[in-house]
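Numbers restart at 1 for each chain; the letters A, B, ... are given by sequence-line order, proteins then strands.
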There are 2 protein chains.
Amino acid sequence: MTSQIKVVTFGLGPVGCAIACEVGRRKGCRIVGAIDNDPEKVGRDLGEVAGFGSKLGLSVRADSEAALREADADLVVLATTSSLEKIRPQLLEILATGANVVTTCEELSYPWSAQPDLSAELDEAARRAGSSILSTGVNPGFMMDYLPSMVSGLCRDVETIRVERYMDAGIRREVFQQKVGAGLSVEGFAKAAESGVVGHVGLRESIHMIAHSVGWTLSNLEIELEPVIAREAIDATSTHIEKGAVSGVDQIARGFVEGRERIVLKFVAAVGEEAPRDRVLIEGTPRIDLKIDGGVHGDLATCNVVVNSIPKVVRAAPGLRTMLDVSAAAA
Amino acid sequence: MTSQIKVVTFGLGPVGCAIACEVGRRKGCRIVGAIDNDPEKVGRDLGEVAGFGSKLGLSVRADSEAALREADADLVVLATTSSLEKIRPQLLEILATGANVVTTCEELSYPWSAQPDLSAELDEAARRAGSSILSTGVNPGFMMDYLPSMVSGLCRDVETIRVERYMDAGIRREVFQQKVGAGLSVEGFAKAAESGVVGHVGLRESIHMIAHSVGWTLSNLEIELEPVIAREAIDATSTHIEKGAVSGVDQIARGFVEGRERIVLKFVAAVGEEAPRDRVLIEGTPRIDLKIDGGVHGDLATCNVVVNSIPKVVRAAPGLRTMLDVSAAAA
């Protein structure tokens, strides 16, 4: 049918590497370049860096502008940062080559409400380039924003939407365990929380996507972050946690409409969480109580959601897209 | 923001009437015409026929061509028949006025695989008219096709997809109870099944949408239809069922890829069903087991899915669309 989609992988942290491996397996895609600025990775073969099990004959490069120009990709997978402000120059550099972008940048998953000027600038730049940009992943991108948005379509007169995601961080990659503060003391967690080192990024954007999807204008939005405390010592795959130390995060985000709480997102990720699960509860007509017992494994699903979206982003109308604009299906 | 969408309701059976009532409640819509060929309804006020509780000053008309031309609608809600062949002339008549269409015609929910020629003709006609057509509802349209398709996006290496929908027909409208054969004798059910009077229409289309969404080419497709037998007498809202008589249908549809069963849809709708529920089970990486205990009320949700889709269909690119092309969100 169609020829292979030429893909550059930009950003080779754990998520970027996992995505690169999955892109490498897909018949519809071909990797034509790899970019990262880590001196430990630059110059080495992508296959080795990402853990393909074999060399690919493609060296990781740090000179992104030249690497992008020479690769002449159809699409760049950009997995470098959670911050929209920080990813902006990288996006503009990619758009200058005319390539499309799929990124895991959390703040870009639904940026229109929180950062309207930056969103409009990127949308305009993408349209001029004839390219489309999509930020996605399991969360933000699917479980706490896209899924409740889609399910709301079954209802009228929606009163409230509650989304819960409880994860056992013990089965996740090491970087994820660090990001939820596993193993820190309570004081260490408080400091890390203050400096933004621990905690999930994206709840704000998820609330904004849901509000848009049910036609609500938010009057305000609150996010709280607390540690989960280990009630006994835990030996996780890569972290030892003392009794009384932190095993993870417990975040709650609330969206208010005219002062009334109507959207609640509960995000708990802790080593040893005994009942991992996802839930979407819509109080409306009809009431919908959707549950996924066992939950959805974040590392695997992020990688799948990103790679599954590649052909759709290549076909999408130019501009800054969100998951509301493309089909989320596997193929 | 935008002005009201002018809507004609075409087909005023129970579903068409429920949709008309809901359209009438929406601020973004205005009903500008009503069409039905039932002599009991023609000439009467739509508000009275549909049960608005008040008159609307709009008479139900049988002369569809003139009524459509005079109404000059942005969109027609077409709820007349399950058959794509039978709905074709009505669709062409609507497209001739330049209006968009949302329909509950089950065979049109994903018609490309089962009826490719008719699909291509309607797609071409819609593009020429600058209009878009969407068939939707709770099922087909959402629970057994769109939802599993979207959820498949979390996975790679999908082995099998199983979707279950168990409904208590006792809480549904009378026509639905008749459609599932509630109250018939076993012999009566067999005859009704043979002539196509009982049973759910759309399982074939649902399987085709799922197959498309995971990139599978089906080698064959099987559908079986059995009665559910009442183990004791049941007094439902509008039907009395003797012990040993039929309380509903039990249908199963199977999609095969290279001779191997990979998609299974289980549809059970019976008066007195004790555990109404919906489920999507995907055996893939990761495995996903999504459940909605209590299920999703079909009459309410069909109406909502149809009405929620109206603004999206007005904005959609011209052509024959499916739920994979538009956002399913409430707003």
Worksheet item: Is it the case that B:Arg26 and B:Asn308 place a side-chain donor and acceptor less than 3.5 Å from each other?
Response: yes

Practice prompt. Using a strict cut-off of less than 4.0 Å between a Lys/Arg side-chain nitrogen and an Asp/Glu carboxylate oxygen, indicate whether A:Arg262 and A:Glu283 qualify as a salt bridge.
Written response: no

Worksheet item: Do you know which of A:Asp157, A:Val307, A:Val151 has the most heavy-atom pairs under 4.5 Å to chain B?
Response: A:Asp157

Practice prompt. Can you see which heavy atom on B:Cys105 is nearest to which on B:Ser135, and at what distance?
Written response: O-OG, 2.7 Å

Worksheet entry | Option in A:Met323, A:Arg279, A:Met150, A:His212 with maximal non-hydrogen atom pairs under 4.5 Å from chain B | A:Met150

Item to complete: Decide yes or no on side chain to side chain contact (heavy atoms under 4.5 Å, CB included) for A:Ile133 and A:Leu108, but give the supporting numbers first.
Response: CA-CA 9 Å; A:Ile133 302 173; A:Leu108 197 56; 3.9 Å; yes

Practice prompt. Please list, in residue-number order, every residue in residues 295-306 of chain B that has a heavy atom less than 4.5 Å from any heavy atom of chain A; write 'none' if there are none.
Written response: B:Val296, B:His297, B:Leu300, B:Ala301, B:Cys303, B:Asn304, B:Val305

Worksheet item: Is any side-chain N of the basic residue among B:Arg260 and B:Glu159 closer than 4.0 Å to the acidic one's carboxylate O?
Response: yes

Worksheet item: Between B:Phe267 and B:His200, does the ring centroid distance fall short of 6.0 Å?
Response: yes

Worksheet item: B:Ser213 and B:Ser152: which non-hydrogen atoms are nearest, and at how many Å?
Response: O-OG, 4.0 Å

Worksheet item: Counting distance only, does the side-chain N/O of A:Glu273 pair as donor-acceptor with the main-chain N or O of A:Val268 below 3.5 Å?
Response: no

Worksheet item: Can you tell which of B:Ser327, B:Ser149, B:Ser309, B:Cys155 has the highest number of heavy-atom pairs within less than 4.5 Å of chain A?
Response: B:Cys155

Worksheet item: Relative to chain A, which of B:Pro148, B:Gly215, B:Gly284, B:Pro286 shows the most heavy atom pairs under 4.5 Å?
Response: B:Pro286

